[in-house]
Amino acid sequence: MKRQDTRALTLLIAGFTLWSGAFVLLYALQALGCAYGWGDMHRPILIGAYLVSLLPLAWLAWRKPYETGEPQTSLSLSALWANRAALGAGVLVYLPVTFATACL
């Protein structure tokens with residue numbers, strides 16, 4: 001396997017791997033905040049974690065999976081769009097932490 005294909009394959013799985021880790025982190029913070037009664041600090045912590053979790057997803061979404069001068073392959077194009085889909089999924093799925101009731 002070529003170096004370019006190895007990088008593209010790694011980037012293909014990176015976006016949704018980061019997305020799933022951030023999903024677990026956000027909802028763990030939500031549960032811990034409710035269980036330990038963080039009060040007024042609960043929502044800002046969730047919003048901060050939401051914004052921080054979007055940073056690596058955004059970086060992957062705009063990073064080209066191939067270096068300048070290398071030909072673009074279908075695997076590298078798939079990696080680019082998979083990471084953009086992970087960013088979109090992150091924005092949509094994590095957004096409720098900014099406004100939904102945290103604890104019932």
Side-chain angles (χ1 to χ4, degrees):
M1 185 178 279
K2 295 180 186 177
R3 181 177 172 267
Q4 177 186 7
D5 291 338
T6 304
R7 183 176 49 245
L9 187 60
T10 303
L11 288 172
L12 181 66
I13 64 170
F16 279 106
T17 301
L18 285 171
W19 177 89
S20 64
F23 182 87
V24 169
L25 175 72
L26 277 170
Y27 287 98
L29 285 173
Q30 189 271 334
L32 288 171
C34 291
Y36 292 115
W38 290 348
D40 292 337
M41 287 304 298
H42 194 196
R43 179 77 57 201
I45 289 171
L46 288 173
I47 292 172
Y50 166 67
L51 294 174
V52 168
S53 69
L54 290 181
L55 291 176
L57 291 174
W59 180 75
L60 283 173
W62 277 279
R63 183 178 188 272
K64 291 183 179 178
Y66 54 91
E67 293 180 5
T68 304
E70 291 180 344
Q72 184 175 0
T73 63
S74 61
L75 186 59
S76 64
L77 186 62
S78 299
L80 179 67
W81 284 102
N83 289 330
R84 289 179 178 173
L87 176 62
V91 169
L92 291 175
V93 171
Y94 308 156
L95 188 63
V97 302
T98 62
F99 63 86
T101 302
C103 303
L104 298 176

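Taking CG of L51 as the reference point, atom CG of L46 lies at 11.0 Å (rounded to 0.5 Å). Atom CG of L55 sits about 11.5 Å away from atom CG of L60, to the nearest 0.5 Å. To the nearest 0.5 Å, atom CG of residue L11 and atom CG of residue L75 are 9.5 Å apart. Taking CG of N83 as the start and CZ of R63 as the end, the distance is 9.5 Å to the nearest 0.5 Å. Between L12 atom CG and W81 atom CH2 the span is 14.5 Å, to the nearest 0.5 Å. How far CG of L77 is from NZ of K64: 12.0 Å, rounded to the nearest 0.5 Å.
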Quiz item: Where do L54 and L87 land on the side-chain contact (heavy atoms from CB on, under 4.5 Å) test, with the steps shown first?
Solution: CA-CA 7 Å; L54 290 181; L87 176 62; 4.3 Å; yes
Exercise. Under the side-chain contact (heavy atoms from CB on, under 4.5 Å) rule, what do R7 and S76 come out as? Steps first, then yes or no, please.
Key: CA-CA 8 Å; R7 183 176 49 245; S76 64; over 6 Å; no
Practice problem: Would you check, one step at a time, whether the test side-chain contact (heavy atoms from CB on, under 4.5 Å) holds for Q30 with V97? | Solution: CA-CA 8 Å; Q30 189 271 334; V97 302; 5.8 Å; no
Practice problem: Please report the C-alpha distance between Y50 and L25 in whole Å, then the side-chain angles of each, then the deciding distance to 0.1 Å, and finally whether the side-chain contact (heavy atoms from CB on, under 4.5 Å) criterion is met. | Solution: CA-CA 9 Å; Y50 166 67; L25 175 72; over 6 Å; no
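Hydrophobic clustering, with ILVMFWY side chains joined whenever heavy atoms are under 4.5 angstrom apart, keeps F16 apart from V24. Put simply, I47 and V91 are part of the same group of oily side chains (I, L, V, M, F, W, Y) that touch within less than 4.5 Å, one to the next. Note: the hydrophobic cluster containing L32 also contains F23 (ILVMFWY, side chain heavy atoms under 4.5 Å, direct or indirect links). Cluster annotation: L57 and W62 are assigned to the same hydrophobic cluster (Ile/Leu/Val/Met/Phe/Trp/Tyr, side-chain heavy-atom contacts under 4.5 Å, transitive). Using a 4.5 Å cut-off between side-chain heavy atoms of Ile, Leu, Val, Met, Phe, Trp and Tyr, with links allowed through other members, L92 and L18 fall into different hydrophobic clusters.
Annotation for Y36: atom OH does not count as buried by contact number, only 12 or fewer foreign heavy atoms lying within 6.0 Å.
The main-chain N or O of W19 is found under 3.5 Å from a side-chain atom of Y94 such that the two form a donor-acceptor pair.
In this structure the side chain of L29 reaches within 4.5 angstrom of the side chain of W38, judged on heavy atoms.
When all heavy atoms of A8 and A79 are compared, the pair lying nearest together is O-CB, 3.4 Å.
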